[in-house]
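Below you'll find the structure, written out as structure tokens, and then a few comments.
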Number of protein chains: 2
Amino acid sequence: MKNCAHKHSHQRQEMSALTGRLRQQSCKITGPRAAILEILRQHPHPLTNKEIFASLPKGGCDLATIYRAMQLLEKLGMVKRFDFGDGAARFELVGEGDDGHHHHLVCTRCAEVVEIGECFPSEIENRIARANGFKAVTHRLEFFGLCPGCQT
Amino acid sequence: MKNCAHKHSHQRQEMSALTGRLRQQSCKITGPRAAILEILRQHPHPLTNKEIFASLPKGGCDLATIYRAMQLLEKLGMVKRFDFGDGAARFELVGEGDDGHHHHLVCTRCAEVVEIGECFPSEIENRIARANGFKAVTHRLEFFGLCPGCQT
DNA sequence: TTTCAATTGCAAACCGTTTGCAATTGGGTG
DNA sequence: CACCCAATTGCAAACGGTTTGCAATTGAAA
């Protein structure tokens, strides 16, 4: 299955590399898209569409455009969608060749997010898949707790 | 942390035990609530509010009432909320004394759900918590894949 | 049976997300 | 460099799940 042992290279990707990936798919490099990619580049953390919207330079673009851009980027594998269970999707830029699979530790009080290197042991996942006859099994895993600052 | 080794006793709970738990909290045993508990008793699987609504005998109750009932039951720990990432919350009855913590394997095509006995190793969870100074750490974990019948 | 807080139904409000459509625009082409 | 058209955007309306205000209803304690 998935290999979770690799480092999640969070070194900022070059803008040219990002736009190149778009161009390869005959997608236009528009103002809104460039601005969105720039925001994602600057925030190595999962961002909601609304947060991206708020971070956009004045006169940014429509919220709907961000939703559409994130759908596109996700489909192209340039962005990974995360779900912290609060009803809002979050996105993180993914390195080329990487699948972006990793997990987070989220503070249930202040929403601080820490990226986690650990992953669910694939031997166990494989066993679960086999035991139930499932194929192409992945998992969604997030941790929740109280961060140092929020422990009363 | 959590003990994941116990069996998830899915033997149906007595209706009287359920209503008793409600009564203890000075909550009324109303028609809608009894009907909802009955549905949950009969379905040892995560159900959405809409599914509960649809399973209700004719002339059931308002959808809003179900939402309110599930909120109450969750607060009382009688029901556990699950999130399969499709935007709809799902609920399962929880045995008395149990915390209901467990996971599922969900078919991404037909939505079949299998309950999983395995859990994320608590030693690893503890290590993650300690390493980041977090307290009271839990996790949300679900598996997704193609069930035997959906593998083309 | 009386009584009152708890609960319900209904409709409107909310929130994140999607979509139809006309206007705009990137970027390959001549 | 001007042209052209498919790709993209803004805007507003629609959507699906969930919540809420309020007046009417109802358990169950006394």
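Residue numbering restarts at 1 for every chain, and letters A, B, ... go by the order of the sequence lines.
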Query - Residue whose nearest DNA chain D nucleotide is more 5′ - B:Arg81 or A:Gly60 - result: A:Gly60
Query raised in the report: Of all nucleotides in DNA chain C with an atom under 4.0 Å from a non-hydrogen atom of chain B, which is the first and which the last going 5' to 3'?
Result: C:dA5 to C:dC10
Requested in this report: Assign B:Ala64 to base, sugar-phosphate, or nothing according to its heavy-atom contacts below 4.0 angstrom with the strands shown.
Outcome: base
Query raised in the report: Which is true for A:Arg33 with a 4.0 Å heavy-atom rule: it touches a base, it touches only sugar-phosphate, or it touches nothing?
Result: sugar-phosphate
**Report entry** Modelled atom types, side-chain donor and acceptor of B:Glu92 and B:His43, under 3.5 Å
**Finding:** no
Query raised in the report: Does the side chain of A:Glu142 come under 3.5 Å of the side chain of A:His104 through a donor N or O and an acceptor N or O?
Result: yes
**Report entry** Min side-chain heavy-atom separation A:Leu72-A:Arg33 under 4.5 Å
**Finding:** yes
Query raised in the report: Going by heavy atoms in the side chains, are A:Phe120 and B:Phe120 under 4.5 Å from each other?
Result: yes
Under 3.5 Å, which N/O atoms of the protein pair with N/O atoms of nucleotides 26-30 of chain D?
{"unit_1": "D:dT26", "atom_1": "O2", "unit_2": "B:Lys28", "atom_2": "NZ", "d": "3.1"}
{"unit_1": "D:dG27", "atom_1": "N3", "unit_2": "B:Lys28", "atom_2": "NZ", "d": "3.1"}
{"unit_1": "D:dA28", "atom_1": "OP1", "unit_2": "B:Arg23", "atom_2": "NH1", "d": "3.4"}
{"unit_1": "D:dA28", "atom_1": "OP1", "unit_2": "B:Ile29", "atom_2": "N", "d": "3.1"}

Query raised in the report: With sequence neighbours excluded, what pairs up with A:Arg127 under the salt bridge (charged side-chain N to carboxylate O under 4.0 Å, His left out) test?
Result: B:Glu118
Report summary line: note: A:Tyr67, atom OH; D:dC15, atom C1'; distance rounded to Å ~ 13 Å
Query raised in the report: Tell me: CG of A:Asp62 to C1' of D:dA13, nearest whole Å?
Result: 13 Å
Nearest non-hydrogen partners of [X] and [Y], listed with the distance:
| X | Y | result |
| --- | --- | --- |
| B:Phe84 | B:Val113 | CE1-CG2, 3.7 Å |
| B:Pro46 | B:Arg90 | CB-CB, 3.6 Å |
| A:Cys119 | A:His101 | SG-NE2, 3.3 Å |
| A:Asn49 | A:Leu63 | O-CD2, 4.1 Å |

Query raised in the report: Got a sec? Which of residues 49-56 of chain A come in under 4.0 Å of DNA chain D, heavy atoms?
Result: none
Query raised in the report: What residues, two or more places apart in sequence or in another chain, satisfy ring-ring contact (aromatic ring centres under 6.0 Å, His included) together with B:Phe53?
Result: none
Query raised in the report: According to the side chain to side chain donor-acceptor pair (under 3.5 Å) rule, which pairs have a member within residues 62-83 of chain B, sequence neighbours left out?
Result: B:Glu74-B:Arg81
